[in-house]
Amino acid sequence: VKLTDLNPQWTQAGYGGTTRGRAGLWFDCPGACCATSLGKQRIHVPFRNPGDGGPDIPGDPRWQRTGDTFETMSLTPSVDASKFGHWHGFISGGEVR
Ligand SMILES: [Zn+2]
């Protein structure tokens, strides 16, 4: 499934006394766990390297991002929401699998 089909939204983060834009991502859980439920779980991924061009944000967990749009985005490592009973997989080149 494409990331753009999962209602992606950029998030902001307060860090170092400033508000960092494009600092993370919310998207709908694409797992079978959410295929039949009335409401989808949203998954949040905070970035190591926000898309605002500023310096990296330290601390964990954070994900390394390439691609400046939802259509081209790749994240490493994998996104694992399994400990909350949700999806574990990869976002690569704008594809979620
Ligand atoms: Zn789910």
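Read the numbers this way: they start at 1 and go in the same order the structure lists the ligands and their atoms.
With respect to the salt-bridge test (charged N to carboxylate O, under 4.0 angstrom), the residues Arg20 and Asp52 qualify.
What you find for Val1 and Leu6 is that their closest heavy atoms are CG1-CD1, 4.1 Å.
Residue pairs meeting the ring pair (Phe, Tyr, Trp, His ring centres under 6.0 Å) criterion with at least one member in residues 42-70, sequence neighbours excluded: Trp10-Phe70, Trp26-His44.
With sequence neighbours left out, Ser92 forms a side chain to side chain donor-acceptor pair (under 3.5 Å) with Arg97.
With waters left out, the protein N, O or S atoms under 2.8 Å from the Zn ion (ligand 1) add up to 4.
Gln12 and Arg22 share no side-chain donor-acceptor pair at under 3.5 Å.
Phe90 forms part of no hydrophobic cluster, judged by ILVMFWY side-chain heavy-atom separations under 4.5 Å.
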